[in-house]
Amino acid sequence: MEIKSLNSCETCPVHNLEGLKKLGVDMSSFDFVVALAGNPNVGKSTVFNAITGLRQHTGNWPGKTVTRAEGGFSYGGNKYKVVDLPGTYSLLSTSTDEEVARDFILFGQPDVTVIVADATRLERNLNLVLQVLEITNRAVLCVNLVDEAKRHGLEIDGRVLSKELGIPVVLTSARQNQNVNELLKYIHEVATGTFICKPHRSRKEPGKLKDAIDILTKQIQEVYPGLSNSRWVALRILEGDKQIITAFRNGELGQIKITNDVNENEIIDSKEERT
Amino acid sequence: MSITFLLILSLLLLVIVFFPGYGLLSLMAKSRKGNAKILIENALKHLHDFEYKKIAASVKSIASALSVSVNKADMLALTLQNQKLVMVRGEKLMLTNEGRDYALQIIRTHRLWERYLADETLVSESKWHKLAEKMEHVLNPDETEKLAARLGQPLFDPHGDPIPVVIGNLPEETAATIKDFNAGDKLRVVHVEDEPLFIFDSLIKKGLRAGSKLEILKKYNDSVDIILNEKLINLGFPEEENLNVVIDEYKEESEVKQKTLSSLKIGETAVIKSISKKCRGQQRRRLLDLGVIPGSIVTAEMKSASGDPTAYKIKEALIALRKQQAETIYIVEPNGKESK
């Protein structure tokens with residue numbers, strides 16, 4: 001894991017607000033797209049407001065009744081477009097919300113996906129975090145509501161969490177505007193490739209499915225040789241995920257590029273998992 | 001139109017009609033054979049059904065059971081006799097041992113297929129019977145045995161009917177219905193008749209299935225009040241008739257019902273065991289995402305004023321679940337004990 005030394009920034013008495021410009025207006029020219037994901041009620045909108053300002057563009061996702069908020073900010077000379085995804089508990093689509101969120105991350109290929117989590121419900125929130133990490137390499141975890149956690153006597157160790165997850169972790173209290181600057185900086189670093197993420201990916205698979213996945217993965221790789229998360233796709237097909245099956249049929253899957261340093265064929269055999 | 005053209009055309013027609021294996025005549029013959037097999041097998045099923053119920057079968061009964069003309073039924077009976085599957089005694093038709101075995105094979109396939117649909121697919125209950133009716137004629141004995149092995153050699157189909165073993169007979173049928181018992185009797189459902197479909201649907205909606213435990217509260221002329229899952233339900237006479245029940249002998253060790261989350265009292269803690277197969281699709285997915293997975297610790301924190309829903313703490317967060325949902329979640333006590 002490579003992190004540029006933060007110490008110079010942290011000990012600097014003057015916050016560098018220069019690079020931070022809240023535009024809040026939908027711009028046609030931008031350099032990077034940032035997706036904002038997270039469970040409902042984690043303060044996603046507050047984070048969204050904090051980084052884009054109050055003026056946002058709201059509408060609908062095309063063809064769906066789910067609302068969509070877009071905004072933007074400027075940092076380090078780059079313009080970032082922020083897309084607020086619907087609050088979801090997971091990306092395994094069984095509802096339109098989850099479909100929209102999953103499809104945007106998987107097919108929209110945002111430059112950075114910021115996952116907002118609730119510091120007081122971290123265990124439950126990590127479900128979505130890990131799911132996001134399965135389909136993208138470029139993510140930042142924003143653990144929000146730390147002020148709330150502190151009131152309950154909870155303190156999150158962001159450093160250890162970052163080490164375990166392989167992505168930057170920022171502890172924020174968006175409503176108090178605490179650490180938002182750090183969040184923007186990490187977004188910038190991940191987007192520009194300054195920070196290279198090595199996302200933690202669980203390789204546990206239900207033992208009973210191993211044979212089926214092996215067969216299917218081989219066939220998927222024949223059709224899409226460049227696809228690096230073919231095992232994930234295989235699992236989705238076995239689940240009967242309509243979106244993925246359609247994408248497989250019409251070639252959309254070929255557009256997914258996730259550089260993956262982990263050798264997909266190294267599967268850590270786990271004891272049988274039941275769901 | 002030239003003569004050559006006509007010749008070519010007629011040649012083409014001849015090929016289409018007479019081509020071995022794929023021509024129209026071949027296909028028609030195949031489908032007739034297929035139909036014939038289905039009719040024979042259905043006739044055998046019917047004969048076995050009547051034999052089991054100790055009713056005499058005849059050509060007329062075959063005709064009405066299979067919805068075919070008496071002539072056709074007569075021909076069927078003849079075919080069955082020629083294949084030594086049936087003996088004719090005047091008006092009565094009786095299965096030979098081979099006939100009975102054949103019938104049991106069909107029934108076995110049918111019930112195994114229903115088991116498969118129930119256990120491994122998301123197909124809804126009301127469709128099982130129809131699908132199995134088709135499949136029973138399609139799978140050969142080898143395929144059936146592979147299916148049985150894959151399902152773990154189940155003994156009962158999802159309606160509670162015994163699945164015939166490879167060589168053998170069905171156990172004695174208990175055909176008692178609620179009318180054979182009295183108020184206060186505690187009964188267990190052993191079979192839910194799957195036809196007619198609308199009654200089956202109605203029973204399923206009310207929560208009745210093989211293994212359900214109920215208590216007769218009060219019998220009326222054409223209906224009965226029962227207690228099922230701590231709820232008062234009324235069943236009309238046709239519904240009553242479609243339920244086979246036996247007296248439920250409660251035994252400490254052999255309690256079939258598993259402990260569910262709905263039984264957790266406020267303040268109590270338990271460990272999630274699994275989610276019932278009854279809970280599927282979006283609901284199941286949502287429960288899993290919220291942390292209702294094997295091994296999770298759950299505490300009942302508080303009940304709403306009306307008693308339903310209840311707030312449960314799971315994965316350090318509170319979620320509200322209705323009783324109906326909590327009933328589909330199996331739990332064990334934290335020290336590993338479970339009432340099984």
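Here is the naming used below: chain letters follow the sequence lines, and residue numbers restart at 1 for every chain.
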May I ask you to check whether over 12 heavy atoms, not counting those of [X], lie within 6.0 Å of atom [atom1]?
| X | atom1 | value |
| --- | --- | --- |
| B:Glu268 | CD | yes |
| A:Asn41 | CG | no |
| A:Glu155 | CD | no |

Separation of B:Glu316 CD from A:Asp118 CG (nearest 0.5 Å):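 The CG atom of A:Asp118 sits 12.0 Å away from the CD atom of B:Glu316.
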
With sequence neighbours excluded, tell me which residues meet side chain to side chain contact (heavy atoms under 4.5 Å, CB included) with A:Ala101.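 A:Leu85, A:Pro86, A:Thr88, A:Leu91.
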
Minimum heavy-atom separation for [X] and [Y], please, with both atom names.
| X | Y | value |
| --- | --- | --- |
| A:Glu98 | B:Arg286 | OE2-NH2, 3.1 Å |
| B:Asp289 | A:Arg124 | O-CG, 4.3 Å |
| B:Leu318 | A:Arg121 | N-NH1, 4.1 Å |

For B:Glu41, give me all partners under salt bridge (Lys or Arg N to Asp or Glu O under 4.0 Å), at least two apart in sequence or on another chain.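 B:Glu41 satisfies salt bridge (Lys or Arg N to Asp or Glu O under 4.0 Å) with B:Lys37 once adjacent residues are dropped.
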
Name the region of B:Ile272, side chain, backbone, both or neither, that has any atom closer than 4.5 Å to a heavy atom of chain A.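 Neither part.
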
